[in-house]
Amino acid sequence: MKIATWNVNSIRARADRVEAWLNKSDVDVLAIQETKAKDDNFPWEVFEFSGYEVAHFGLSQWNGVAIASRVGLEDVQRTFPEQPTFGKGNQEAVQEARAIAATCNGVRVWSLYVPNGRGLEDPHMPYKLTWLETLNRHAGEWLQEDPEAKIVLAGDWNVAPRDEDVWDMQFFLDNQMTHVSEPERAAFNAFLETGFVDVLRENNPGPGVYTYWDYTQLRFPKKEGMKIDFQLCSPALAAQVTGAVIDREERKGKGASDHAPVVIDIAL
DNA sequence: ATGCCGGCAGTATGCCGA
């Protein structure tokens, strides 16, 4: 069984590429982030024609997450319990479309789009940290309830957990950039302390192993990227994982997303 | 051994991304 996660940076702009990738990648489940669509302009036919069921959660042109599966799609859940809200200025705070779950062939799959943070002193940063802390608390409860649960927390984590996960740590420090700060890394590492396993790092260690490359500054051809997309697996699921790869071919060419798909193999 | 920012809303340009 293959499970993929991919921040597509607009499902409408990327519909042809997503369809082509589904048809060649042979994945059973695809967790998608940043669909940038509402249900009424989501390209359902892309998945139907390819033989996948799909569940989508999108509230506006921002965020948006989905799960496509050809091995069942049960108990779809939008948002996690107590998922923190965000509202800018006078706008009403809402639970954004950043988390959706479904059970696919016995695996509880979460497609997660962690808040960006925007800046070290931006109000979006405490939102990001609280969002991760709350998710981790509940994920820990899920493991307590069933230590044998097969759960994957897949998505765009917007955290580079180690210095080797960015092409030049000094550049990030000099520019006071997000994704590499201690609080962000602590919020990510807390999931590992809870018991989840970073199967991408285990199977695909760095340095120089990235999942995201900025569109600007020739970042991709210069191999200047970031490792920020992960699939964190519960212990029972991690024990069955036999591999994890980043499909950097998909980052090439005109019309690519700025993220590459991350695919894990499970002996199921 | 890849190519010099992209998508969306709404119709000019600001927001958002990381």
Side-chain angles (χ1 to χ4, degrees), chain A residues 5-18 32-43 46 56 58-66 86-91 93-94 96-98 112-129 131-132 155-185 187-188 208-230 246-260 262:
Chain A
T5 186
W6 189 11
N7 179 322
V8 298
N9 185 21
S10 169
I11 190 65
R12 286 173 283 171
R14 221 72 61 206
D16 290 346
R17 280 188 87 122
V18 170
I32 302 169
Q33 299 86 40
E34 276 210 271
T35 62
K36 293 186 172 179
K38 301 180 187 178
D39 278 353
D40 59 13
N41 53 18
F42 185 87
V46 163
H56 176 241
L59 299 172
S60 68
Q61 72 271 40
W62 307 120
N63 315 307
V65 284
F86 187 76
K88 195 174 183 180
N90 296 327
Q91 293 174 357
V94 297
E96 298 180 309
R98 295 179 177 275
L112 304 168
Y113 180 43
V114 175
N116 173 287
R118 295 182 185 167
L120 296 178
E121 304 301 326
D122 193 286
H124 213 253
M125 183 57 72
Y127 169 53
K128 176 180 193 173
L129 298 175
W131 201 95
L132 284 167
D156 176 358
W157 289 77
N158 272 325
V159 178
R162 298 186 186 177
D163 289 358
E164 68 179 25
D165 297 333
V166 296
W167 80 93
D168 182 355
M169 190 58 197
Q170 198 57 49
F171 177 88
F172 281 72
L173 293 174
D174 291 345
N175 292 282
Q176 299 179 40
M177 293 175 76
T178 58
H179 293 57
V180 297
S181 72
E182 284 310 311
E184 289 168 277
R185 288 177 168 177
F188 178 90
V209 176
Y210 307 128
T211 66
Y212 163 89
W213 300 260
D214 197 295
Y215 285 122
T216 69
Q217 306 293 129
L218 285 170
R219 292 293 184 215
F220 184 61
K222 289 159 94 172
K223 304 186 188 307
E224 296 176 342
M226 304 168 69
K227 191 190 233 182
I228 55 175
D229 301 87
F230 299 96
I246 301 163
D247 187 359
R248 66 182 299 284
E249 288 296 309
E250 185 53 42
R251 180 61 180 80
K252 296 178 181 177
K254 192 172 177 64
S257 169
D258 42 5
H259 295 254
V262 175

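All values below come from the heavy atoms of this structure, side chains included, with hydrogens, waters and symmetry mates left out. Reminder, nothing fancy here: chain letters follow the sequence lines and each chain counts from 1.
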Problem - Pairwise distance NE2(A/His259) to CD1(A/Ile246) - rounded to 0.5 angstrom - result: 12.5 Å

[N] OP1/OP2 closer than 4.0 Å to side-chain N/O of [X]:
X: A/Asn158; N: B/dA18; result: yes
X: A/Arg118; N: B/dA18; result: no
X: A/Lys252; N: B/dT2; result: yes
X: A/Arg14; N: B/dC8; result: no

Handout entry: Backbone of A/Ala260 reached by a side-chain donor or acceptor of A/Thr211 within 3.5 Å
Key =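 Answer holds: no.
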
Handout entry: Separation of B/dA18 P from A/Lys128 NZ (nearest whole Å)
Key = 9 Å

Handout entry: Length of the CD-P vector between A/Glu249 and B/dG3, whole Å
Key =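 Distance check: A/Glu249 CD to B/dG3 P gives 10 Å.
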
Rounded to whole angstrom, note down the [atom1] distance from [N] over to [M].
N: B/dA18; M: B/dG6; atom1: C1'; answer: 13 Å
N: B/dG7; M: B/dG3; atom1: P; answer: 14 Å
N: B/dC15; M: B/dT11; atom1: C1'; answer: 16 Å
N: B/dC8; M: B/dA12; atom1: C1'; answer: 13 Å
N: B/dG10; M: B/dG14; atom1: C1'; answer: 12 Å

Using a cut-off of 4.0 Å on non-hydrogen atoms, how would the nucleic acid contact of [X] be classed: base, sugar-phosphate, or nothing?
X: A/Tyr210; answer: nothing
X: A/Asp122; answer: nothing
X: A/Gly253; answer: sugar-phosphate
X: A/Gln217; answer: nothing
X: A/Asn7; answer: sugar-phosphate
X: A/Ser10; answer: sugar-phosphate
X: A/Met177; answer: nothing
X: A/Asp214; answer: base
X: A/Arg219; answer: nothing

Handout entry: Salt bridge flag under 4.0 Å for residues A/Arg185 and A/Asp163
Key = yes

Practice task
State whether a side-chain donor-acceptor pair under 3.5 Å links A/Ser257 with A/Glu250.
Solution key: no

Exercise for the section: From the options B/dG7, B/dA18, B/dC5, select the nucleotide whose nearest atom is closest to the side chain of A/Asp156. Expected result: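 The answer is B/dA18, which lies nearest to the side chain.
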
Handout entry: A/Asp16 atom CG, over 12 foreign heavy atoms within 6.0 Å
Key =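 Open.
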
Exercise for the section: Determine the interplanar angle of the A/Tyr127 and A/His124 rings, folded into 0 to 90°, and report it as parallel if under 30°, tilted if 30 to 60°, perpendicular if over 60°. Expected result: perpendicular

Problem - Base paired to B/dG14 (Watson-Crick or G-U; both N/O distances under 3.5 angstrom) - result: B/dC8

